[in-house]
Amino acid sequence: EAGVAQSPRYKIIEKRQSVAFWCNPISGHATLYWYQQILGQGPKLLIQFQNNGVVDDSQLPKDRFSAERLKGVDSTLKIQPAKLEDSAVYLCASSLERQGNGYTFGSGTRLTVV
Amino acid sequence: EDQVTQSPEALRLQEGESSSLNCSYTVSGLRGLFWYRQDPGKGPEFLFTLYSAGEEKEKERLKATLTKKESFLHITAPKPEDSATYLCALRSYNTDKLIFGTGTRLQVFP
């Protein structure tokens, strides 16, 4: 089966600019996650969707980050305006069920804010 | 607060030199303890899930074990292709999300 697709692979922007990341999960996977992985750290959940509804966005900095999953398939994560501390890899993952036995991650988007 | 601590941060092994990676955790109610492998420039790749103390799972040269406070990832006779960062994560009964540790960066030299 095809894996989780993410684009772009790399993005460099200046602080205060905006950026958007795209994710296409594995076909049929109802649960989609966005994680942030800062260099040298483990991934941290930003937001979890079940179909097109939000399950958990408690750690999403809502003053600058937003995410949507229209039609319960693809998802977009946006940052506006970006700060230097947003430099990280943004990972998308999907699973068949909410309590699935291990997610499948995409390769991520590496964001550098200068 | 649910928390995961991994040690060591980095580990260098000679090919064939067996060792173990440690994952200590605190959790209100454990629903699952996960191990992932992450290669540079890639997302984490699922290895194992353990659910209860005493459980063990194996895959090739890797064996994961679980106690009430720790999990170990044992690597037997490692090869250079086992070089990667190994991440431990837990899921509690309170949430669906995985809480990750900072990982152990393993390097295996020929």
Side-chain angles (χ1 to χ4, degrees), chain A residues 1 3-10 21 23-26 29-51 53-60 88-112, chain B residues 1-10 21-25 29-52 55 57 59 62 64 66 71 73 84-106:
Chain A
E1 65 181 2
V4 175
Q6 290 190 246
S7 67
R9 287 284 284 130
Y10 306 94
F21 313 127
C23 172
N24 182 235
I26 292 173
H29 280 196
T31 311
L32 184 147
Y33 312 83
W34 283 101
Y35 277 80
Q36 180 193 56
Q37 186 173 23
I38 294 172
L39 186 64
Q41 298 183 19
K44 183 186 80 171
L45 180 70
L46 292 174
I47 189 166
Q48 176 188 347
F49 290 95
Q50 180 68 17
N51 295 309
V54 175
V55 174
D56 184 351
D57 64 356
S58 58
Q59 297 191 79
L60 186 73
V89 175
Y90 291 85
L91 294 163
C92 180
S94 69
S95 65
L96 194 57
E97 302 166 335
R98 278 181 62 167
Q99 309 247 329
N101 187 26
Y103 313 156
T104 301
F105 282 88
S107 292
T109 295
R110 180 176 296 279
L111 174 67
T112 303
Chain B
E1 181 185 353
D2 300 339
Q3 197 167 2
V4 177
T5 303
Q6 291 189 248
S7 63
E9 287 187 13
L21 282 55
N22 176 265
C23 171
S24 300
Y25 65 90
L30 183 68
R31 187 183 284 279
L33 188 293
F34 298 75
W35 282 98
Y36 284 82
R37 169 189 171 132
Q38 187 171 27
D39 292 297
K42 295 191 176 182
E45 176 187 349
F46 172 73
L47 293 174
F48 305 109
T49 309
L50 303 167
Y51 294 101
S52 58
E55 190 175 0
K57 288 192 176 173
K59 179 180 180 180
L62 300 178
L66 182 66
S71 179
L73 185 65
T85 295
Y86 290 85
L87 294 165
C88 172
L90 64 81
R91 175 185 282 149
S92 73
Y93 278 105
N94 299 328
T95 177
D96 295 344
K97 71 182 179 186
L98 296 185
I99 297 171
F100 283 87
T102 54
T104 294
R105 188 172 67 255
L106 173 67

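Note: hydrogens, waters and symmetry copies are ignored here, and every other heavy atom, side chains too, is used. Proteins get letters first, then strands, A, B, ... in listed order; numbering begins at 1 in each.
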For Gln38(B), is it the side chain, the backbone, both or neither that has a heavy atom under 4.5 Å from a heavy atom of chain A?
-> side chain
Crowded around Arg37(B) CZ? As in, over 12 foreign heavy atoms under 6.0 Å?
-> yes
Go through the atoms of Gln37(A) and report whether side chain, backbone, both or neither lie under 4.5 Å from a heavy atom of chain B.
-> side chain
Could you tell me the separation between the NZ atom of Lys44(A) and the CD1 atom of Ile99(B), rounded to the nearest 0.5 Å?
-> 12.0 Å
Does the side chain of Phe105(A) reach to within under 4.5 Å of the side chain of Tyr36(B), using non-hydrogen atoms?
-> yes
Ser24(B) meets the side chain to side chain donor-acceptor pair (under 3.5 Å) criterion, sequence neighbours left out, with Asn22(B)
Heavy-atom nearest pair, Leu91(A) first then Pro44(B), reads CD1-CD, 3.9 Å
Spacing of Ile38(A) atom CD1 and Thr102(B) atom OG1 [to the nearest 0.5 Å] = 12.5 Å
Atom CD of Glu9(B) with >12 non-hydrogen neighbours under 6.0 angstrom | no
Listed by chain and number, what are the side chain to side chain donor-acceptor pair (under 3.5 Å) partners of Ser58(A), not counting sequence neighbours?
-> Asp56(A)
Side chain proximity check, Leu87(B) to Pro43(A), heavy atoms < 4.5 angstrom = yes
So, for Gln59(A) and Lys97(B), which heavy atoms are closest and what is the spacing to 0.1 Å?
-> NE2-NZ, 2.9 Å
Validation row: Tyr35(A), Phe100(B) side chains within 4.5 angstrom (heavy atoms) = yes
Against chain B, label Arg9(A) side chain, backbone, both or neither, depending on which of its atoms sit under 4.5 Å from a heavy atom there.
-> side chain
Taking the side chain as every heavy atom from C-beta outward, state whether Leu98(B) and Tyr103(A) have any pair of such atoms under 4.5 Å apart.
-> yes
Under 4.5 Å, counting heavy-atom pairs only, tell me which of Gly41(B), Gly103(B), Gly32(B) racks up the most with chain A.
-> Gly41(B)
